[in-house]
Amino acid sequence: MKPNIVFLLLDSFRSDKCYGESKTSKTPNLDTLIKNSTYLPNTFASADGTILSLNSLFTGLFPFKTGTRAKKLQLHGTNFIDILKKNGYHIYGKTPYLTSFSSLYDYFENEDAHKPPNLNGSVLVEYEGTNQEIDNEQKQEDKKILGEKSFAGGEILSGGLDQEIIDMLVSNNMKEPWFLYIHMLDLHWPHVVPSEFNSENFGHSLYERIVSAIDSWLGKFIEKIDMSTTLFVLTGDHGHVIPVDNKDITTFEPDLGLGLKAGKHIMPKSTHTAGAKFFVGLRSMIRDAKLVKANRNLTPYEKRSRLPPFTLSLFDESIRVPLVFSGYGTSSKIIYQQVRNVDIFPTIFELIDLSSGEFPRHGRSLLPLLSGKKTEELPAYIQSIPYEKISPDDIVGVRTSHLKYFRATRDSKKNVNLYDLTKDTRENFNIAKECPDLVNKMEHLLTEITTDDLPEYNIEEMTKKEKKEINDELRRLGYV
């Protein structure tokens, strides 16, 4: 009998907030898990957003093969979930309720894999800004909706998901061998902190307090898993910006709600749109002036931490995620070599001694590395998620353990960034202008990666209804 597999993905989970001295959360269960597991803290997602990252995860291909502007999971062709199913695995899941996940739902055998958004329990809701400019009245309405009715696209642990997941394990209703995929939104914007964890004792930031809350549940969850017959994998899909001093961009925005509301009553309806634009512009001007003063003595890393959480970014805080292999076939060690999320499923397949066939992919098994053998480090292809329309802010790049390079997607001479990661781990100093030879070298490496002969994935077309639903969901999630 093949081992069972639990794949736990914490959306927006930063590697530096999972384990080590740079976190302030309380994580005794995570600490114990990592000490008894193989932990790879330098794992890099292929993109700074969920869909592109998961497409790479499930296919082993970089986003330029699975659709750089894809808004849905592309699982209609050869993918690792499908191969597991064809080899006798029963597929179960607990995921957000999102139209973009629909192709994944088709594999799940449990009817309660996802539910419409529902949030219960005592929580604190913190609104942390988005990429879009909205008036204060809309912001207050979003607060109300998020706080009282829903959470972006699905349940969170404090809304009852915690017990639902544990019940799946103890019910013995899953047919063996099974693969259980759990995708949790607790660390995703908007940050909802369970009241019992909302204090400095559990972390300096709202984000880290949620990590503490997740850790509390994780201990109870792991107790229900037979690690001798189960492979347990923990990772994230991408990272997240955490504002320095808990002051994000919205902290510096003046409250012009009363003025806007009064203007709507006084001014003719035909002038409301222009009036709203004026107030938005005024708010941005005041906010930016305050930011200049507040950011005066901050590093570039600290300054960008105050940007909206879904600003396009290929800095490590947005793409570096933890990776844990525990239980069946694993040993206790920490491996610091750079790896990629396209490598995760090839490693799982070799750990459970299951052939994934010869279908083309960029990922490779890490089992030799896990076994203590020296293996060549491979560069990580990275790209930003796309805006609704093609934008000059779209970026693409490549990362090694020594250098990070990225630039504008459609013009290699614009927005050129190069960082020496051996000296500048926070990526504060762009050395592109001083090091043109290194820029050319990294551009050549990027070209080599993106001009391979692997076939492209056929992108699934979306209906008009799906496009509308996905755009509505992306707005709630803060991406547009």
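Just so it is clear, the values below take in all heavy atoms, side chains as well, and ignore hydrogens, waters and symmetry mates.
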(message) Check the orientation of Phe64 and His362. Use parallel for under 30°, tilted for 30 to 60°, and perpendicular for over 60°.
(response) tilted
(request) Verify whether the ring centers belonging to Phe13 and His240 lie closer than 6.0 Å. (result) no
(message) Taking the six-membered ring for Trp, are Phe101 and His183 closer than 6.0 Å centroid to centroid?
(response) yes
(message) For Arg407, is there an ion pair with Glu443 - N to carboxylate O distance below 4.0 angstrom?
(response) yes
(request) Search all heavy atoms of Phe429 against all heavy atoms of Asp424 and return the closest pair with its distance. (result) N-OD2, 2.8 Å
(message) One pair to check against side-chain hydrogen bond (donor to acceptor under 3.5 Å, both in side chains): Thr78 and Arg361. What are the steps and the verdict?
(response) CA-CA 10 Å; Thr78 303; Arg361 58 176 179 258; over 6 Å; no
(request) List the steps and the verdict of side-chain hydrogen bond (donor to acceptor under 3.5 Å, both in side chains) for Asn295 and Arg306. (result) CA-CA 9 Å; Asn295 289 350; Arg306 285 180 170 163; 2.6 Å; yes
(message) Among Lys17, Lys26, Lys23, which residue satisfies the salt bridge (Lys or Arg N to Asp or Glu O under 4.0 Å) criterion with Glu208?
(response) Lys17
(message) Would you compute the distance between atom OG of Ser103 and atom CG of Asn55 and round it to the nearest 0.5 angstrom?
(response) 7.5 Å
(message) Could you check whether Asn87 and Tyr89, counting side-chain N and O atoms only, form a donor-acceptor pair closer than 3.5 Å?
(response) no
(request) Would you indicate whether Lys333, at its atom NZ, is surrounded by more than 12 heavy atoms from other residues, nucleotides or ligands within a distance under 6.0 Å? (result) yes
(request) Take Trp178 and Val6, measure what side-chain contact (heavy atoms from CB on, under 4.5 Å) needs, and give me the verdict at the end. (result) CA-CA 8 Å; Trp178 46 256; Val6 174; 3.6 Å; yes
(request) Might you point out which heavy atoms bring Ala408 and Val396 nearest each other, and give the distance in Å? (result) O-CG1, 4.4 Å
(request) Considering only NZ, NE, NH1 and NH2 on the basic side and carboxylate oxygens on the acidic side, decide whether Arg14 and Asp16 come within less than 4.0 Å. (result) yes
(request) Please confirm whether the backbone N or O of Glu317 pairs with a side-chain atom of Asp48, one donor and one acceptor, at under 3.5 Å? (result) no
(message) Quick check: closest heavy atoms across Lys404 and Asp316, and the distance to 0.1 Å?
(response) NZ-OD1, 2.9 Å
(request) For Ser212 and Phe202, indicate whether the former's side chain and the latter's backbone hold a donor-acceptor pair under 3.5 Å. (result) yes
(message) If we count only N and O atoms by modelled type, under 3.5 Å, do the side chains of Ser216 and Asn29 hold a donor and an acceptor together?
(response) no
(request) Working to the nearest 0.5 Å, report the span between CG of Asp237 and OG of Ser46. (result) 11.5 Å
(message) Please check this pair: side chain of Asp215 against backbone of Leu30, looking for a donor-acceptor N/O pair closer than 3.5 Å.
(response) yes
(message) Taking the basic N atoms (NZ, or NE/NH1/NH2) and the acidic carboxylate oxygens, is any pair closer than 4.0 Å for Asp343 and Arg340?
(response) yes
(request) State the CD1-NZ distance between Ile431 and Lys423, to the nearest 0.5 angstrom. (result) 8.0 Å
(message) Do the side chains of Asp112 and Lys94 get close enough for a salt bridge, i.e. N-O under 4.0 angstrom?
(response) yes
(message) Could you go through Glu377 and Ser401, starting from their C-alpha distance and side-chain angles, then the distance that decides it, and tell me whether this counts as side-chain hydrogen bond (donor to acceptor under 3.5 Å, both in side chains)?
(response) CA-CA 8 Å; Glu377 177 190 280; Ser401 59; 3.1 Å; yes
(request) Give a yes-or-no answer on whether the side chains of Glu473 and Thr99 include a donor-acceptor pair shorter than 3.5 Å. (result) yes
(message) Measuring from atom CD1 of Ile382 to atom NE2 of His238, what distance do you get when rounded to the nearest 0.5 angstrom?
(response) 15.0 Å
(message) Is it the case that the ring center of Tyr39 lies less than 6.0 angstrom away from the ring center of Tyr19?
(response) yes
(message) Tell me if the aromatic rings of His191 and Tyr207 count as close, with their centers under 6.0 Å from one another.
(response) yes
(message) Please verify the inter-ring angle class for Phe345 with Phe7; under 30° counts as parallel, over 60° as perpendicular, anything in between as tilted.
(response) parallel
(message) Within the 4.5 Å heavy-atom criterion, are Ile214 and Leu10 side-chain neighbours or not?
(response) yes
(request) Compare every heavy atom of Asp394 with every heavy atom of Ile385, then report the nearest pair and how far apart it is. (result) O-OD1, 4.3 Å
(request) Mind listing the closest non-hydrogen atom pair of Lys72 and Ile51 along with its distance? (result) O-CG2, 3.4 Å
(request) Give a yes or no on whether a salt bridge exists between Lys86 and Asp82, defined as a side-chain N under 4.0 angstrom from a carboxylate O. (result) yes
(request) Decide whether Thr27 and Asp31 meet the rule of one side-chain donor and one side-chain acceptor closer than 3.5 Å. (result) yes
(message) Suppose we call two aromatic rings close when their centres sit under 6.0 Å apart. Are Phe44 and Tyr381 close by that rule?
(response) no
(request) Output the distance between atom CD1 (Ile34) and atom OG (Ser332), rounded to the nearest 0.5 Å. (result) 10.5 Å
(message) Does either side chain, that of Asn4 or that of Glu176, offer a donor lying less than 3.5 Å from an acceptor on the other one?
(response) yes
(message) Quick check for you: to the nearest 0.5 Å, what is the distance between Ser205 atom OG and Ile242 atom CD1?
(response) 5.0 Å
(request) Could you label the plane-to-plane angle of the Tyr181 and Phe179 rings as parallel, tilted or perpendicular, counting under 30° as parallel and over 60° as perpendicular? (result) parallel
(request) Please find out if less than 6.0 Å separates the ring center of Phe80 from that of Phe349. (result) yes
(message) Does the Lys NZ or Arg CZ of Arg304 fall within the cation-pi geometry relative to Tyr301 - under 6.0 Å from the ring centre and within 45° of the axis?
(response) no
(request) Would you check, one step at a time, whether the test side-chain contact (heavy atoms from CB on, under 4.5 Å) holds for Thr330 with Phe232? (result) CA-CA 10 Å; Thr330 65; Phe232 181 78; over 6 Å; no
(request) Mind telling me whether Phe406 and Phe315 have parallel, tilted or perpendicular rings, with 30° and 60° as the class edges? (result) perpendicular
